[in-house]
Structure formats: structure tokens, C-alpha cells
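Written out below as C-alpha cells is the structure these notes cover.
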Amino acid sequence: MPDSDRAAAQAEIDGLRAAIRHHDHCYYVLDAPEISDADYDALMRRLQALEAAWPALVTADSPTQRVGGAPSPAFGSVTHRQPMLSLDNAFEDGEVMAFDRRVRERLGLDGTIVYCAEPKLDGLAVSLLYEDGRLVRGATRGDGTTGEAVTANLRTLPSVPLRLQGTGWPQELEVRGEVYLPHAGFAAMNARLQAAGERLFANPRNAAAGSLRQLDARVTARRPLRWFAYALGAGGESADLPATHFERLAALRGWGLPVCPLNERVVGVEALLDYYRRMQARRAQLDYDIDGVVYKVDDIAAQQRLGFVSRAPRWAIAHKYPAEEARTQVVDVGFNVGRTGAVTPVAKLAPVSVGGVTVSNVSLHNFDELRRKDVRIGDTVIVRRAGDVIPEVVRVVIEQRPAYAREVVLPSHCPACGAVVVRPEGEVIARCSGQLSCPAQRREALLHFAARRAMDIDGLGEKLIDALVDGGLVHDPADLYGLPAETLAALPRMGARSAANLVAAIDRSRATTLPRFLYALGIPEVGEATARTLAQHFGDLEPLMAADEAALQAVSDVGPVVSAQIVAFFAEPHNREVIARLRAAGVHWPRVAVAAADQASGGPLQGKRFVLTGTLEGLTREAATAEIQSRGGTVSSSVSARTDYVVAGDEAGSKLEKARALNIPVLDAAAFRALLAAP
Ligand code: 5U1
């Protein structure tokens with residue numbers, strides 16, 4: 001190929017890499033993105049395409065090279081250029097005062113000392129080595145002298161720059177910091193693991209460590225890990241660096257490394273203790289776990305004069321927050337019924353203070369989790385406040401299990417309404433089948449029923465539903481259709497006009513469609529797409545209500561899990577009664593023309609399962625569904641291992657994330673059109 005083409009490609013590649021690095025920095029370090037995710041993806045895709053066309057132009061520090069390569073056999077070991085020290089701990093104010101006194105005495109100073117105070121993240125310590133501004137090695141702390149080489153994994157963190165920005169960095173620079181998993185990422189990750197039936201991580205720190213020490217860097221790349229730099233290692237002796245720790249952190253930030261924004265320069269021991277308490281007050285609101293704060297003498301020359309004792313510096317100390325684990329007894333295990341009918345075991349504990357908060361109820365999440373931890377009534381358990389907010393049972397103290405300890409049994413009937421509890425084969429979650437009549441689910445069911453994509457009752461929002469349910473005026477959706485305007489007008493914040501508007505909106509909703517009505521019922525596993533498919537297959541409600549599991553499984557995209565939920569829903573007398581009352585109140589829909597087959601057979605997409613998410617430019621969801629079905633494919637509402645393609649438009653959400661987690665091919669609007677156009 002001509003040199004001019006290569007030069008043009010190189011110029012465009014350079015521009016794209018610089019732009020992507022800039023946007024990574026804005027997003028991960030400054031927390032101030034300048035472009036949308038879609039625009040960012042477009043830059044990345046263009047760079048990938050150019051690098052695919054010009055493989056000789058690919059470099060190890062290109063942003064495309066973050067996602068790990070093939071699994072490595074094992075981690076090699078790394079000898080740190082300078083040992084990674086640990087910190088002495090203080091638990092009481094008095095110990096901090098003694099530390100400050102020692103510092104002043106050793107330095108021969110009478111006055112106050114300037115410190116840098118920092119949150120102490122509860123994550124995993126790492127060391128990153130930059131040579132000539134390029135990341136060449138990343139390692140865990142290990143025993144402080146030798147760590148594991150996790151370079152490929154650390155490279156996958158978007159907040160780890162592969163090249164330093166700016167100028168003035170030493171030729172060799174070792175940066176120390178903490179890798180952590182933000183709470184939101186931890187929750188999403190455990191939700192994904194739960195959906196995939198895999199073991200959950202107990203807390204963000206374990207999850208971060210487990211994610212960073214994956215042998216396959218592609219797994220690390222899917223985990224939303226972050227990190228903060230907090231110190232320099234080798235290279236820190238350079239005379240050109242700022243003379244204080246605080247300014248050095250600012251320099252690190254200037255070179256593109258993320259530094260915790262809560263670090264402060266404070267003067268004197270009282271200010272240290274004040275910082276400790278301020279961080280403690282903010283702790284529950286932070287998006288990451290901290291287990292204390294760290295105080296460091298700010299002046300680097302003073303640090304050098306103070307030196308080290310054994311493996312800890314004399315110029316720094318960690319001031320830890322009280323232990324967040326406590327031991328207590330399981331008095332009982334009850335079952336809560338959530339908004340979607342999920343029946344969740346909850347351990348009732350002898351009240352215990354964990355990190356300063358009294359804990360007496362702890363969710364055990366689901367029955368599998370309860371079995372895995374083998375929690376029994378009467379057991380002694382270790383309780384922890386994960387992420388400082390949600391308490392959890394860490395483990396049972398088996399040695400203290402009394403002879404009278406009782407196993408927990410999943411109730412056959414809902415504790416709130418008495419309806420049958422269903423737990424289909426292979427499902428983790430057990431659910432109450434009472435649905436519309438279960439008081440625990442009533443509020444959410446009503447909200448769902450009234451939603452825009454369901455019965456579309458304008459003006460019926462959360463506050464109003466709360467008032468109607470709390471006032472005993474509405475027990476199930478059928479009650480909505482008999483509400484007199486005067487009764488509504490008497491509710492808080494309602495007047496005659498709002499009441500009349502609401503009555504009119506309820507009235508309008510009587511004329512609906514079968515798919516909307518089916519979706520509005522809130523049958524577990526029946527989203528909009530499945531509701532449409534069921535309507536097309538059965539044509540009307542009665543044949544659907546009469547269908548057994550075998551008949552339901554003849555419908556495209558209905559498997560054993562969905563069919564079991566549908567049968568259980570319609571078998572529940574309360575649900576049948578509510579449906580009858582809705583129809584008696586005038587809720588109606590036109591019959592749906594039943595196609596000879598509800599999908600084209602033998603089409604090019606025969607047997608392929610699609611999930612649509614986000615907004616597809618120039619194509620409504622209905623049109624996209626019709627295009628797929630006319631080629632023999634099916635559309636479902638949720639992503640599972642059986643999904644063949646996820647079509648993701650703008651503002652795609654959790655379905656896209658799940659698709660990526662399950663390695664399911666994702667099509668953008670252009671790729672989707674290309675697939676439809678294929679013969
Ligand atoms: N914020 C912060 N955490 N942390 C942990 N600074 C900090 N410094 C540490 C450690 C182990 O060690 C210093 C001696 C560099």
C-alpha cells in the first residue's frame with residue numbers, strides 16, 4: 001500500500017488515540033465526561049477498524065489494547081523496586097495524639113505539623129511502574145517485597161493510563177495505590193452472577209481482589225474496577241518532584257492518574273481527628289468502602305528524616321474505624337415478600353451493634369444463599385455491614401451451633417396473602433403467585449398496571465397509589481374502576497379538577513389491547529414482547545387462561561420457566577377474580593388475529609432469539625419485532641444464555657451490559673439492518 005495511505009492512517013490513529021485518552025481522563029479521573037457513551041464508542045470502533053486494516057500500526061499502549069488477550073497460564077512474580085510498606089494502625093484518639101507527639105519529638109519541632117489526610121480505601125494495594133511515561137508493569141502488593149504481575153489485568157482498567165500525560169515525570173516512576181470496586185459496580189456484578197447462577201462475592205473488597213487476580217484479563221475487563229493513586233515508590237527520590245506529599249499527589253493527577261478528591265492538607269493533631277470524624281460522617285454516602293483514614297507527614301524531607309520501623313513508615317499512620325463485624329444469634333428466619341413477589345428469607349437477629357449501628361434484621365437474599373451459608377435458627381453468626389450500609393451474614397460459627405438449631409423451610413404459601421409460592425426448576429428466586437391480591441405486592445402491581453406501556457392511566461403516580469392503598473380504597477387494579485370522583489377529590493393534594501381528570505383517564509384505559517392488558521397484569525417473566533407473542537398466538541384471553549404448560553411451550557419464545565409462571569398466575573383464584581372484575585368493569589380489547597403460525601418458518605432468522613434494547617434510529621420496536629418475526633426469529637424481553645443477538649440502540653441499558661457479560665453478539669442499528677438485508 002502506498003506510503004501516503006499509511007501516513008494518513010497513522011495520523012488518524014494518533015488523533016483518535018489522543019481523543020480517547022482525553023475522554024478516558026475526563027470520565028475516569030475528572031468524573032466529568034465531555035461526550036456521550038455512543039460518541040465514545042464510535043471513536044473506539046473507528047480506531048479498531050483502522051488498526052485492523054493496519055496491524056503494523058498497533059502499539060501496546062493503544063486504548064484498543066486494554067481488553068486482555070488470551071488467558072495467561074499463571075501470574076509471574078515481581079520484585080518491587082522499593083518494598084510496599086504497610087501502615088501502623090491507631091484505633092483510639094490517644095494513639096493518634098501519641099503518633100503526632102512522636103513525630104514532633106523526632107523532628108525536634110514544638111509547633112504543629114502539616115499532614116496530608118486521606119481516606120483509606122478497603123481494596124487491593126497495587127504498584128504501577130511507568131518507564132518513559134509508559135505503563136510497563138503492574139503488580140499486587142504480595143508480601144510487600146514480591147507481588148504478582150497482574151499487568152494485563154491492570155491495563156484493562158480504563159482509569160489506569162497506559163501513557164502518562166503532561167511533562168515532568170521521572171524516567172522511572174512507580175506509583176502506589178488501591179484498586180477498588182464502587183458499590184454500584186459491586187451490586188451490578190453480583191446481580192449478574194446471581195442471574196447466571198454463580199457464586200456471589202461477599203463484599204466489594206473480595207470482589208475487587210477476585211477480579212484483579214483473574215487469569216483471564218478479559219474477565220477483569222468486564223468488572224467495573226477503579227483505583228486511586230496514593231503514593232510514589234521508586235522514582236520518588238527525584239529532586240525535580242514537589243517537596244510535599246500533597247503537591248506530589250497533585251502532580252500525579254496532572255499526569256492523568258486518579259487521586260482521591262477527599263484528600264486534604266491539615267495542620268495539627270486536632271485537625272487530624274476532625275478529618276477522621278468528617279470522613280466517618282460521609283462514609284455511608286461514599287460509593288466505595290473505606291476502613292479508616294491515613295495521616296502522612298506532608299513534608300517529604302521530614303518523611304526522609306523520620307524513616308521506618310520494621311515494615312512501616314514512622315511518618316504515616318492509619319486511623320481505623322471501629323470493626324464492622326459482630327457476632328450474634330439468629331432468633332428466627334422470616335420471609336419478606338418484595339415488590340415483584342420475590343420471597344426473601346430474612347434472619348431476625350438478637351440486636352447487635354455493627355460499626356455503631358444496631359442490626360436486628362439481615363436479608364439472606366434467596367434460599368440458595370441461605371443453604372450455602374447453612375444458616376439455621378439458633379445459630380451464632382458473624383454479621384458485617386457491607387459497604388457500610390447493608391448488613392449481611394458473613395458466616396455461621398459452626399462450633400457454636402446448639403443442638404436445638406432448626407433448619408429453615410421455604411414456605412409453601414405466601415406469608416402475606418396465603419397464595420402458593422412458586423419456585424420453578426433451576427430458578428434462584430421463589431415468588432408468591434398471589435400477585436394482584438397480595439398486599440405486599442399491591443402497590444408495585446398497581447404502579448405497573450397504570451404505567452404508560454401498560455394501561456396508560458395518566459396521573460396515577462406513586463403518591464396517589466400510596467394514598468389509595470393506605471386509605472383502604474384500592475386493593476387491586478379492579479378497584480380503580482369504581483372510584484367515585486368525590487372520594488378522589490377528598491385525598492391529600494387532590495382537588496375536584498384533578499379528581500375529574502383521573503376518573504377520565506381511568507375511563508379511557510377501559511379500551512385497551514390484549515398485549516397491553518397481559519403486560520399490565522404483571523405476570524412474572526411476561527414482559528411486553530412475550531405479552532405480544534402470547535396475544536398473537538392465542539388471539540384472546542380465554543384460550544390463554546385455559547392453556548396448560550405444554551400448550552404454552554408451543555408458543556415461540558416460551559420455555560418451561562415462563563410457562564410455569566403463566567399457569568401458576570392463572571391458577572390463582574384471586575387473580576382470576578380480579579380479571580373477571582376488570583372485564584365486568586368494562587375493560588376490553590379487540591380480538592387479535594391469530595396468524596397461521598406466529599412466526600414465519602424457514603426464514604433466514606429461523607430459531608434465532610433476539611432481545612431489543614435502547615432506541616433504534618429510524619425503527620420502532622414494533623417494526624423491528626415484525627422484521628425479525630417475518631424472518632422466522634423471535635423477540636424476547638430479557639437476555640439469557642439462550643439469546644442469540646442483542647440489538648442495542650441509543651441509551652441501551654442493563655440488557656446491553658448483561659449481553660456483554662454473557663458474551664452475546666451485540667448489533668447496533670447498522671449491523672441489525674445488514675443482518676435483515678442478508679438473504
Ligand atoms: N490513602 C492511602 N492508603 N494507603 C495505604 N494512603 C496509603 N498509604 C499507604 C498504604 C498502605 O502506604 C504508604 C506507606 C505509602
Side-chain angles (χ1 to χ4, degrees), residues 29 80-91 96 99 102-103 106 113-129 138-147 159 173-182 204-205 208-209 212 226-238 241-242 244-253 257-266 272 275-276 278-280 282-283 286-321:
V29 180
H80 300 299
R81 304 265 159 122
Q82 277 183 9
M84 286 184 78
L85 302 169
S86 47
L87 292 165
D88 279 340
N89 289 324
F91 294 94
V96 177
F99 161 74
R102 282 195 305 274
V103 167
R106 283 194 172 265
I113 303 286
V114 178
Y115 291 100
C116 181
E118 308 171 9
K120 184 171 183 303
L121 271 78
D122 196 7
L124 188 75
V126 292
S127 163
L128 300 180
L129 182 65
T140 61
R141 177 177 184 279
D143 64 5
T145 307
T146 311
S159 52
L173 175 69
E174 207 179 355
V175 186
R176 306 281 164 77
E178 197 88 357
V179 169
Y180 66 94
L181 193 61
R205 177 166 41 83
L212 192 65
R226 296 263 184 139
W227 81 298
F228 280 134
Y230 58 61
L232 297 181
E237 52 293 317
S238 160
L241 289 169
T244 65
H245 177 73
F246 193 74
E247 286 163 338
R248 287 181 171 206
L249 292 180
L252 291 180
R253 192 174 160 86
L257 299 155
V259 173
C260 181
L262 301 176
N263 297 347
E264 284 181 27
R265 191 182 245 163
V266 295
L272 294 182
Y275 180 84
Y276 175 83
R278 281 189 287 121
M279 287 305 130
Q280 193 166 23
R282 291 185 65 165
R283 203 175 165 201
L286 297 179
D287 190 29
Y288 42 81
D289 285 351
I290 61 173
D291 57 359
V293 296
V294 182
Y295 311 130
K296 297 173 185 168
V297 172
D298 196 35
D299 182 61
I300 301 292
Q303 285 187 3
Q304 283 160 355
R305 274 161 52 211
L306 286 162
F308 306 89
V309 256
S310 83
R311 305 195 57 74
R314 286 204 190 91
W315 44 265
I317 196 161
H319 191 179
K320 302 290 275 286
Y321 291 121

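Remember, it's 1-based here, ligands and their atoms both numbered in the order they're listed.
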Considering only N or O atoms, set out every pair between ligand 1 and the protein closer than 3.5 Å, with distances to one decimal place.
unit_1	atom_1	unit_2	atom_2	d
ligand 1	1 (N)	Glu118	OE1	2.8
ligand 1	1 (N)	Pro119	O	3.1
ligand 1	6 (N)	Glu118	OE1	3.1
ligand 1	6 (N)	Lys296	NZ	2.8
ligand 1	8 (N)	Lys296	NZ	3.4

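- Put simply, the side chain of Trp315 does not reach to within 4.5 Å of the side chain of Val103, judged on heavy atoms.
- A salt bridge between Lys120 and Glu178 is absent, with no side-chain N of the basic residue lying under 4.0 Å from a carboxylate O of the acidic one.
- Of the possible polar contacts, none joining the His80 side chain to the Ala234 backbone as a donor-acceptor pair under 3.5 Å is found.
- Under the side-chain hydrogen bond (donor to acceptor under 3.5 Å, both in side chains) criterion, Arg176 pairs with Glu174, not counting sequence neighbours.
- A salt bridge (Lys or Arg N to Asp or Glu O under 4.0 Å) check over residues 298-307, counting only residues at least two apart or in different chains, returns the pairs Arg265-Asp298.
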Pair up each side-chain donor or acceptor in residues 83-91 with any protein partner under 3.5 Å, not counting sequence neighbours, and list the distances.
none

